[in-house]
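I have placed the structure first, in the form of structure tokens, so that the comments after it can refer back to it.
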Amino acid sequence: MSEHEEHTTHSQGFYIAIGVGLLIGTATTVGAAFVNLGPFNPVVALLIATIKAIVVVLFFMHVKDASEKLAGAVVLSGFFFLAILISLSLADYLTRSWR
Amino acid sequence: MASAVIPANQAPKLNYLNNGHSLRSWLLTTDHKRIAVLYLISVTTFFFLGGFFAMLIRLELLTPQGDLMQADTYNKVFTMHGMIMVFFFLIPVVPAVLGNFLIPIMIGAKDLAFPRINLLSWYLYIIGGILITHVMLTGGVDTGWTFYAPFSTEYTNTKIVEAGLAVFIAGFSSIFTGLNFIVTIHRMRAPGLTWDRLPLFIWSNYATSLVMVLGTPVVAITIVLVAVERLFHLGIFDPRLGGDPVLFQHLFWFYSHPAVYIMILPSMGVVSELIACFARKRIFGYKFVALSSVAIAVFGFLVWAHHMFVAGISLYAAMIFSFLSFSVGVPSAVKVFNWTATLYKGSITYATPMLYAFGFIGLFTMGGLTGLMLATIGIDVHVTDTYFVVAHFHYVMVGGVLMGYLGGMHFWWPKISGRMYPEGWAKLSALFVFVGFNLTFFPQFILGYVGMPRRYWQYPPEFQVLNVLSTAGASILAVGYLLPMIYFLWSLRYGPIASDNPWHAAGLEWKTTSPPPTFNFEETPVVTWEAYNYDEIPDKELEAPVAR
Amino acid sequence: MPDSPATTQVATPVTAMEHEAHNPALLHHFVDAQQQKNAASLGMWLFLVTEIMFFGGMFCAYLVYRLKYFNAFAAGSQQLSIALGATNTAVLIISSVTVVLAVKAAEAGKRKVLVGYLAVTVLLGLTFLGIKGFEYREKFERHHVPGPTFQFTDTFDDNGRQIPVDSNEAQLFFSLYFAMTGMHALHMIIGCGLFSVLAVLAWRGHYSPGYFTPVENAGLYWHLVDIIWIYLFPLLYLISRHS
């Protein structure tokens, strides 16, 4: 097996900084919820959530540092098939004439 | 179970079967080959249990009147038939028996990546099996194997929660098997065994495992929701409380349609191995066949709502799903065409495994083409919930999966048991299976087309002739299934000793002893050849590999 | 099946122990520790995918009903406490930091630091569960728990317009709220148990810079549970709060 997975471990300060960033993200989510953005409120909320999730995956779960891309591909495939489930289900619900 | 019996005049070899004889050495084993044997015994048990219910169905349908059983009983009988066959036989059968036994050997590994999780999978399967047996003995379930809400959540008074728990637990067995296979195939391959040298059986099991890992959790949570709904009446699937029963069908079929590919893909892998060996050729278009497995697994997730064309989904969604359903036909056709092309100018031997492979190609093609008919909305609306659908999926699941499984069992039996089965009897039973199968299920195409609905215990008298044919066929089919069980058991003691490679086949599993030692190989093999390098195996070895 | 008399047996059970090399953590069927580590890691990631799909079924149901009954979902959401939800989000994020620092300590072989961070993580997890329990209690008191006792008389305040809400539709919101947060809390409980066991094992010196895969994999699990909450929080607590 040639894949070697050596973490370039970051400093304690780096991880704490990431954590603080995530907390700021949470605060932003709450703040944005109180601003009337019309249909974009949920979009913004999910966008921030996704950015936070990506940060966690990349830095806390070390996908960014892993020399192999397999872990990233695996987790992406999960979200991909989840997207299929949701989008094709909604293809039904959003186009029903008898809602 | 099987202990390898070695005559005293031969040098005794240590193998996985004689490495420990206590019950404990079997029940606590982490050897993938022993776990495969445990699975073999348990899925065979459930197969005959499910088959028993199938015979009850066919006996009831022998006459137009409901004379053998009440309508309620009939509902339970076909439900138990479906649940046992789908969740406890078809889904685990090829991966858990043949896959478990062969995957590590085919890739030159000592075991699966997680041997203890592998054993855990078997125990989960058994716990689920005990639960479903308990449900069966204490009244059964009458919803059909699909648990459709709101009948399952609000109306039926049968043991939905317990049956759901059984399926939930068996589902986790399947998830862990798939996870184990994926990691094993990624991480445990022998040096030199690159992805484009893998046997197609590995590719197809890899694709199956993807579906197991990605799909099964969705049905698990769906069953949890059904149980919660049934216990607390929250309204998630109850239209009276604002819920949508069609949502249940979406979630259920998101797994349960791909589950069909969990069943068929490993058998397709088996057939690839058989055709290459008995046509003595490399599979035509290896890469296409390999990737078509993955394509089937992925496309399989895009088509689920073709089970719901009349359930109240939007017309737009029905069109999308109809269109997407056709797309699965492409990789399936790639496989069938490539198998046929492999046969062209091959030197074909009509050994029993090959007979099953031929049966598979013919019956799977029938099942697949009628699947395309059903993907067409117009036809599907006409024949929904008729015997046409029943015949279609039995052509795929029995004609496809079971043919592949039996072919594989005959092919690898010498490796698993170290003994040869009796070829004459095997050919006879293959004939029984093929004839019996077609006689059972072909009349059902006609029955469905002329309008006989499924899941009723009575029918108008004009349908009787075809139903009698079907029941007669089922009897022949039953003989065809009992015979292999008898002669396989017989061969354990009386069958001729198998050589390491009785078929002169390519593949790493034939390069170790029969049966293999506990850790599969004396030393880790280094692979320097392509898969199915039959042109490199000398011609003189080809002489009558079957005559024994 | 009994053996025939002609059989010669030389069977000695070969156990995994006899095959183990000098590294006591290396299982017999792996070539080396790196292969074992890579296998465990990939297995964990695949397990996380199954978790994504497991929760995914509920997210799908949530979306369908949210689109169908938006007003009821907004009214239900407005009955949840943003302060408690946001606090819990913060608790989880901090616990993710302590987990990642625990893994770092394990990698550096600092046993006591590792145990410390694991213990803090468990405490944070319990804090989360405590706050969640407090929220659940409040739901019970206000009859917002789905079932025969469910009552919902609140209206959806759409920029000053009071839109009455069907109590069945609001019950669907709370059904999904309890299903999703309940399943999440179950994962938290499992995670707390996991880290408690790891802390004990770490205290006993089971892990070394050469072998700390369980800590790493439990960390991956914890981060995923965190990510699921990151989505649950805005989806459940923050529907149409601007009105």
Side-chain angles (χ1 to χ4, degrees), chain A residues 1 3-5 7 9-12 15-16 18-23 25-27 29-30 32-38 41-42 44-46 48-50 52-54 56-57 59-63 66 68 70-79 81-83 85-86 89-90 92-94 99, chain C residues 31-32 34-35 37-39 41-42 44-46 48-53 55-57 59-61 63-64 66-68 82-83 85-86 89-90 93-94 96-101 103-104 107-108 159 216 219-220 222-224 226-228 230-235 237-243:
Chain A
M1 296 288 106
E3 298 113 315
H4 281 262
E5 195 181 5
H7 294 164
T9 318
H10 299 282
S11 68
Q12 184 162 333
Y15 289 127
I16 292 173
I18 296 284
V20 170
L22 290 170
L23 290 175
T26 306
T29 315
V30 175
F34 286 97
V35 183
N36 190 349
L37 302 171
N41 273 99
V44 168
L46 287 178
I48 298 174
T50 303
K52 284 162 75 183
I54 290 173
V56 171
V57 169
F59 298 107
F60 284 177
M61 298 166 96
H62 297 290
V63 166
E68 51 166 333
L70 199 51
V74 167
V75 89
L76 272 182
S77 75
F79 283 106
F81 283 93
L82 179 58
L85 168 66
I86 289 173
S89 297
L90 291 185
D92 168 22
Y93 283 96
L94 296 180
R99 252 187 298 156
Chain C
V31 175
D32 54 25
Q34 188 64 44
Q35 187 189 29
K37 188 169 159 35
N38 284 342
S41 160
L42 179 59
M44 194 63 208
W45 280 100
L46 284 165
L48 297 187
V49 166
T50 70
E51 292 282 11
I52 292 174
M53 298 307 288
F55 278 92
F59 276 103
C60 182
L63 265 178
V64 165
R66 173 180 164 142
L67 290 169
K68 223 170 170 173
I82 291 189
T89 313
I93 287 172
I94 295 167
S96 260
V97 176
T98 58
V99 163
V100 92
L101 293 176
V103 174
K104 187 175 152 66
E107 203 169 10
N159 296 319
E216 218 175 5
L220 290 179
W222 193 264
H223 294 310
L224 186 90
D226 184 11
I227 287 175
I228 288 168
I230 285 177
Y231 280 97
L232 285 181
F233 173 59
L235 287 179
Y237 288 76
L238 300 179
I239 306 177
S240 199
R241 285 288 189 170
H242 52 78
S243 47

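Order of the sequence lines sets the chain letters (A, B, ...), proteins ahead of strands, with each chain counted from 1.
- No side-chain heavy atom of V100(C) sits less than 4.5 Å from a side-chain heavy atom of M61(A).
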Could you please spell out the steps behind the ring-ring contact (aromatic ring centres under 6.0 Å, His included) verdict for H242(C) and F34(A)? CA-CA 4 Å; H242(C) 52 78; F34(A) 286 97; 9.0 Å; no
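- Between the side chain of K52(A) and the backbone N or O of I230(C), no donor-acceptor pair lies under 3.5 Å.
- Annotation: maximal heavy-atom pairing with chain C below 4.5 Å, among V30(A), V20(A), I18(A), occurs at V30(A).
- For T26(A) against F233(C), the heavy-atom pair with the smallest separation is CG2-CE2, 4.2 Å.
- Using a 4.5 Å cut-off between heavy atoms, L82(A) contacts chain C through both its backbone and its side chain.
- Of all the listed residues (T89(C), I239(C), I94(C)), the one sharing the greatest number of non-hydrogen pairs under 4.5 Å with chain A is T89(C).
- Rounding to the nearest 0.5 Å gives a distance of 13.0 Å between CZ of F59(A) and NE2 of H223(C).
- For Y237(C), no part lies under 4.5 angstrom from a heavy atom of chain A.
- Note: K104(C) NZ to H10(A) NE2 = 9.5 Å, rounded to the nearest 0.5 Å.
- Residues I93(C) and G19(A) share a closest heavy-atom pair of CG2-O, 3.7 Å.
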Could you walk me through whether L235(C) and L46(A) pass the side chain to side chain contact (heavy atoms under 4.5 Å, CB included) check? CA-CA 8 Å; L235(C) 287 179; L46(A) 287 178; 3.8 Å; yes
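- If you measure heavy-atom distances from I228(C) to chain A, you find no contacts under 4.5 Å at all.
- Of the atoms belonging to L46(C), heavy atoms from both backbone and side chain fall under 4.5 Å from chain A.
- When each of V103(C), V99(C), I227(C), V97(C) is paired with F60(A), the side chain to side chain contact (heavy atoms under 4.5 Å, CB included) condition holds for V97(C) and for no other.
- In terms of heavy-atom proximity, L85(A) sits nearest to G56(C) at CD2-O, 4.0 Å.
- The heavy-atom pair separating G78(A) from V49(C) by the smallest distance is CA-CG1, 3.8 Å.
- With chain A as the partner, the residue from I82(C), V31(C), L48(C), I52(C) showing the most heavy-atom pairs under 4.5 Å is I52(C).
- Chosen from A86(C), G57(C), S96(C), A61(C), the residue pairing most often with chain A at heavy-atom distances under 4.5 Å is S96(C).
- You'll find the side chain of L67(C) stays beyond 4.5 Å of the side chain of Y93(A), heavy atoms only.
- Contact of S89(A) with chain C is made through the side chain alone, with heavy-atom distances under 4.5 Å.
- For V35(A), the part lying under 4.5 angstrom from a heavy atom of chain C is the backbone only.
- Looking at L220(C), the atoms closer than 4.5 Å to chain A (heavy atoms on both sides) sit in the backbone and in the side chain alike.
- Most heavy-atom pairs under 4.5 Å with chain C: of the set L90(A), I16(A), I86(A), T50(A), this distinction falls to T50(A).
- Interface remark: N36(A) contributes backbone and side-chain atoms alike to the contact with chain C (heavy atom separation under 4.5 Å).
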